[in-house]
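Right, one structure below, let's go through it.
Just so you know, these numbers come straight off a predicted model, no measurement behind them. Scope of the values below: all heavy atoms of this structure, side chains included, with no hydrogens, waters or symmetry mates.
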Number of protein chains: 2
Amino acid sequence: MSGIKDVAILAGVAVGTVSRVINNTGAVKPETRRKVKAAIEQLNYVPNEVARNFKMQKSKMVALMLPSIWHPFFSELAYYIEDELDREGYKLMLCNSGGKPEKELYYLDMLEQNKVAGIVGITYNDIENNVSTDIPIISIDRHFSKKITCVTSDNFEGGRLALRELVKAGSKKPAFMGSVTSVFSETMNRREGFVQEAEALGVEYIVYEESDPVQDDESYYGNFIKRYQDVDGVFAITDMFAAKYIEYAKQQGIRVPEDVKVIGYDGIQDHTYFHPVISTIRQPVEEMARLAIKLLFKKIEGETLDRDTYRIPITFRKGETT
Amino acid sequence: MSGIKDVAILAGVAVGTVSRVINNTGAVKPETRRKVKAAIEQLNYVPNEVARNFKMQKSKMVALMLPSIWHPFFSELAYYIEDELDREGYKLMLCNSGGKPEKELYYLDMLEQNKVAGIVGITYNDIENNVSTDIPIISIDRHFSKKITCVTSDNFEGGRLALRELVKAGSKKPAFMGSVTSVFSETMNRREGFVQEAEALGVEYIVYEESDPVQDDESYYGNFIKRYQDVDGVFAITDMFAAKYIEYAKQQGIRVPEDVKVIGYDGIQDHTYFHPVISTIRQPVEEMARLAIKLLFKKIEGETLDRDTYRIPITFRKGETT
DNA sequence: ATTTAGTATTGAAACGTTTCCAACTTGATG
DNA sequence: CATCAAGTTGGAAACGTTTCAATACTAAAT
């Protein structure tokens, strides 16, 4: 493995000169440049990026921390984030926290030690107080504080839109179906929007919210169905919630959309091969991803951002459930 | 940002000693250790991993190169790979090649420059001849040569099993439906197994294979349906192929499974909320992921592997399409 | 021929670790 | 008391770059 020194010797110049040729910095005579390039060619030299990162005290690595890449929403997000990073020659490090706070902290430590250039996080911890150095951070869908810029879909408008669409589809008594995972989560606003719009329109509504349905789907959806027999519309906080509800409802002989209209949130289905195709509030995932990275780059460059939360408009996508 | 030197000064020892304390290497008196730890605590010192990587000439970073993390099969794979890597303190770098050969090559260069400890690749290029240094590589589902160890599901047995299950479900004239993407792909063996078992059992069968249906689903599935009206069973090379076929078939009034039984491959659905739930040959994704990483670690340690292809048994998972 | 103002190039320091050898301390042994 | 081995510690080199002050050229202007 030859280094810059070998190139310098072969080309008969100093290492500094080789460095300047490689990085196109400073002035170097065409003739010298030619010699150096020839030497590089001959030795099959490739710059050692690790050494460079070390010397420069910074790397072109950005970490993406999320609960699980397995979830379709996150994998779509990761896809666009990687793409956007690559455009600027940055690399992506993937950290699955499993949604476990202690693992988030552990990863944060690790990222600090590894001097990543920035972090995009979808976390439960308020990472602000746990990251000691000033690594630039953008969070998605979580609002912590001014220091950590948040990119999110317009959840509030999403909630309002969902309510309106349910009503438009004929629902007289719609319900919001959700759960609470993190107090920092922006997703709360979906409920807020839903409620506010219902009140504004004078529509009777229900709010069903339990802390962690993941533990026991059976009782979460069973209880809902049993308790609110007269509900004829459901705005589920997530497409997965919607899908599960529909499945349980079907088992109880409830037909969707005939008996109950259902709208989800996310838009994880990008095709129509699996049914039901859920009517949903589509998150602008690509836009969110690209914006997040662009903002992160600005922070890395030292710019200060003009806002602490960036909300991107959502759209309704009609499926088979309304 | 304080370094090892600051710690050494504060503790009144030499940098070498601090290093030994941090890494628990060599002998150091309890009293000295205490002093050093105190200094570390006081200065809030964290070791600079980048400097360490540089000095050590190796990093604990493994790259995963795949066509698109967005695809559910790959995102599940990535999930387990990250998990397995983390157990040994390794980090995961994610590279979406988009299936583009030139991008694969570009990433390979980059990974070499970044001195990653190893690569797990699902690629179209024969990466063997394009990676000049000897970075350990494990490939998934692609068999190139002895140098690159391959981890794959037992595609051949999968093909045989699919044929048998179709027959068992009542199909008299089953078809294999696939495409050719890479000559190195192990997935060819699905067809081989299917064909061989059909011949062994004396079952009449069809093989439908076109190069790249992604371009034009309409004609790919349309042609198949038009051409083989008497087919009553389909083994699709992928669950996505199966789902698409079913959708197009439905439009032509063909009922699944009444008129045609369908079996896919992969097992990307880990739930039953979306329909049809496809009968499928389930890839042991978790096992493949963990094995791939374990083998990669062995290669990193310098061990030589006893085989050049590791095939993991598959299972049939019944859904609603047989 | 000498100065001048660029332009090109050199050489060495620095980045934060690990590692290795030499040197110093101990405490036990003869 | 001298010797020795084992246990500790110090100090410096090395890893492959970038960068910067200093020096060496070059060509035009005097």
Query raised in the report: Checking salt bridge (charged side-chain N to carboxylate O under 4.0 Å, His left out) for the pair B:Arg311/B:Glu186: CA distance, chi angles, key distance, verdict?
Result: CA-CA 10 Å; B:Arg311 286 179 217 286; B:Glu186 272 281 321; 2.7 Å; yes

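With salt bridges taken as basic N to acidic carboxylate O contacts below 4.0 Å, none links B:Glu301 and B:Lys298.
With hydrogens and angles ignored, the 3.5 Å screen pairs no side-chain donor or acceptor of A:Arg142 with any backbone N or O of A:Phe184. Listed for the A:Glu49 side chain is no donor-acceptor partner under 3.5 Å among the backbone atoms of B:Met110.
DNA chain D is contacted by B:Arg20, B:Ala27, B:Val28, B:Lys29 of residues 19-31 of chain B, taking any non-hydrogen atom closer than 4.0 Å. Scanning residues 54-62 of chain A for heavy-atom distances under 4.0 Å to DNA chain C yields A:Phe54, A:Lys55, A:Gln57.
Rounding to the nearest 0.5 Å places CD1 of A:Ile135 at 4.5 Å from CD1 of A:Ile119. Residue A:Lys115 holds its NZ atom at 5.5 Å from CE of B:Met1, rounded to the nearest 0.5 Å. To the nearest 0.5 angstrom, B:Ile137 atom CD1 is 12.5 Å from B:Cys150 atom SG.
Residue B:Gly16 is classed as a base contact, given a heavy-atom separation below 4.0 Å to a base. Using a 4.0 Å heavy-atom distance criterion, A:Val50 is classed as making no nucleic acid contact.
Here the rule is side-chain contact (heavy atoms from CB on, under 4.5 Å) with A:Ile140, and of A:Val120, A:Val285, A:Leu66, A:Leu64 only A:Val120 fits it.
Judged purely by distance below 3.5 Å, without hydrogens or angles, the side chains of B:Thr152 and B:His143 never pair a donor atom with an acceptor atom.
Counting non-hydrogen atoms of neighbouring residues, nucleotides and ligands closer than 6.0 angstrom, the CD atom of B:Glu31 exceeds 12 such neighbours.
On the nucleic acid side, DNA chain D contacts chain A at distances under 4.0 Å to non-hydrogen atoms, with the end points of that region at D:dG16 to D:dT19.
Between C:dT10 and A:Thr17, a contact under 4.0 Å exists linking OP1 or OP2 to a side-chain N or O.
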